[in-house]
Amino acid sequence: MRVIALIKRICQQMFRDKRTLALLFVAPLLILTLMYFLFNGNTVDPKLGVSGVDSDLATAFKKADIQVKEYKSVTNHTILDDDLDGLLQLENGKIKLTLRNDDPTKAKALQMKVNQVTAAQFQAQMMMQSAGKAPAMTPKSIDISYVYGDSDTVFFDVLSPILVGFFVFFFVFIISGIGLLRERTTGTLERLMSTPIRRWEIVTAYLVGYGLFAVIQTIIVVFYAINVLDIVLVGSIWSVLLTNLLLALVALSLGILLSTFAASEFQMIQFIPIAVIPQIFFAGIFPLEGMADWLQAVAKVMPMYYAGDALKGVMYKGFSLSDISGDLLALVIFAALFIVLNIFSLKKYRNL
């Protein structure tokens with residue numbers, strides 16, 4: 001009977017906690033649905049620019065599910081200006097393939113397709129030549145160069161900058177959220193609210209207080225990743241630090257904001273599947289091009305989307321501070337929005 005009574009009490013507690021029930025039954029469905037749409041997006045064919053090649057070879061590329069754009073002349077910036085995955089040039093009897101290589105997996109797939117098509121075309125021309133026809137020969141070997149990275153670049157080189165930012169975001173979010181929640185549950189916040197201190201002063205104090213530790217954590221994570229783990233860094237480490245510090249400020253203000261809606265540390269953890277896990281899906285690990293339009297719109301309201309783009313740009317592509325200024329501005333806007341919402345959320349504890 002005592003066991004049955006205890007089971008009954010547990011069930012009653014669960015039924016009274018609507019948020020826990022939602023986490024248990026609804027959150028997994030939301031995450032699974034999101035992953036379903038992410039992994040079932042349309043496959044985007046690689047874009048290949050060609051210059052100086054014959055029409056037969058260009059047609060063969062199109063049959064191999066490659067989007068082909070023909071050029072009469074190209075510059076060093078053509079591949080970036082026209083958002084191409086690769087650029088194939090035939091000059092002085094030599095074929096040169098330039099791969100953008102911002103996604104090494106995609107670049108290697110394109111390289112394999114180009115090699116296969118070119119080899120097949122070369123073999124066909126050899127057969128035509130032996131039959132008495134002599135078309136312009138397609139060189140069998142291809143010289144390959146890269147805009148980003150090199151032939152040894154792997155997908156983790158692109159993934160690692162995003163992971164650095166995500167871990168900063170995740171741990172700052174957890175620590176700040178649970179920290180303020182503990183202040184509330186122990187009565188510290190209520191005692192503060194009984195003094196003449198204003199809401200914006202409380203928010204500022206908590207942001208600066210936890211922010212100091214967020215700064216230290218960010219510096220440790222960045223320097224450890226670059227100097228110990230030897231994660232790729234092409235751009236400036238100061239741009240990496242600035243991006244991560246802004247991301248930490250966003251996570252800090254978001255964690256404090258959501259903690260005002262939690263009654264316990266367990267309820268704070270419940271926000272992770274909703275507020276944190278979706279961030280990693282839109283941070284640049286999965287290509288957005290093949291996603292539905294509404295999913296691409298959802299990505300634009302995720303702070304990690306901008307942080308991931310900035311970190312990958314600096315660490316892997318060597319972007320300067322001006323190149324990532326748009327992403328940094330978006331992070332500043334997110335932080336400012338969450339800080340303002342924090343000030344208003346304290347109204348339920350006291351009206352000043």
Side-chain angles (χ1 to χ4, degrees), residues 27 31 159-184 189 200 202-225 238-262 265-285 298-315 324 326-346:
I31 300 299
L159 177 64
S160 53
I162 299 173
L163 290 180
V164 170
F166 178 75
F167 285 129
V168 168
F169 180 89
F170 178 75
F171 288 107
V172 171
F173 172 85
I174 291 296
I175 293 171
S176 61
I178 292 180
L180 183 61
L181 180 62
R182 190 172 298 154
E183 297 279 81
R184 283 177 41 224
L189 184 60
W200 69 267
I202 294 176
V203 172
T204 302
Y206 278 114
L207 285 174
V208 174
Y210 287 112
L212 292 175
F213 292 95
V215 168
I216 296 173
Q217 184 226 32
T218 299
I219 293 174
I220 291 174
V221 169
V222 170
F223 276 92
Y224 180 84
W238 301 109
S239 297
V240 176
L241 283 172
L242 177 60
T243 303
N244 277 290
L245 288 174
L246 287 176
L247 181 61
L249 179 60
V250 174
L252 183 62
S253 54
L254 178 60
I256 293 176
L257 174 64
L258 293 181
S259 71
T260 62
F261 301 99
E265 293 182 359
F266 178 65
Q267 287 192 352
M268 185 61 201
I269 298 298
Q270 292 175 2
F271 285 113
I272 293 177
I274 306 300
V276 177
I277 291 180
Q279 300 280 345
I280 195 66
F281 294 137
F282 299 105
I285 296 177
V298 170
K300 302 296 176 60
V301 297
M302 298 286 179
M304 271 303 304
Y305 169 81
Y306 301 96
D309 185 60
L311 289 172
K312 185 169 68 172
V314 173
M315 297 180 72
I324 61 170
D327 292 322
L328 298 184
L329 177 60
L331 292 176
V332 170
I333 293 173
F334 275 113
L337 175 62
F338 293 147
I339 290 172
V340 171
L341 291 176
N342 268 305
I343 295 173
F344 281 103
S345 68
L346 289 179

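In this text the structure is predicted, and so the values were computed from the model without any measurement. Quick note: residue numbers are just sequence positions, from 1.
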Reported [atom1]-to-[atom2] distance for the pair [X] and [Y], which is rounded to 0.5 angstrom:
{"X": "I324", "Y": "L329", "atom1": "CD1", "atom2": "CG", "answer": "12.0 Å"}
{"X": "I280", "Y": "F169", "atom1": "CD1", "atom2": "CZ", "answer": "10.5 Å"}
{"X": "I339", "Y": "L257", "atom1": "CD1", "atom2": "CG", "answer": "11.0 Å"}
{"X": "I174", "Y": "F171", "atom1": "CD1", "atom2": "CZ", "answer": "8.5 Å"}

**Item:** Min side-chain heavy-atom separation L252-F173 under 4.5 Å
**Value:** no
Side chains of residues 243-251: which donor-acceptor partners sit under 3.5 Å, not counting sequence neighbours?
| from | atom 1 | to | atom 2 | distance (Å) |
| --- | --- | --- | --- | --- |
| T243 | OG1 | S239 | O | 2.8 |
| N244 | ND2 | V240 | O | 2.9 |

Expected list for residues 298-314: side-chain donor-acceptor pairs under 3.5 angstrom, two or more places apart:
| from | atom 1 | to | atom 2 | distance (Å) |
| --- | --- | --- | --- | --- |
| Y306 | OH | K300 | O | 2.6 |

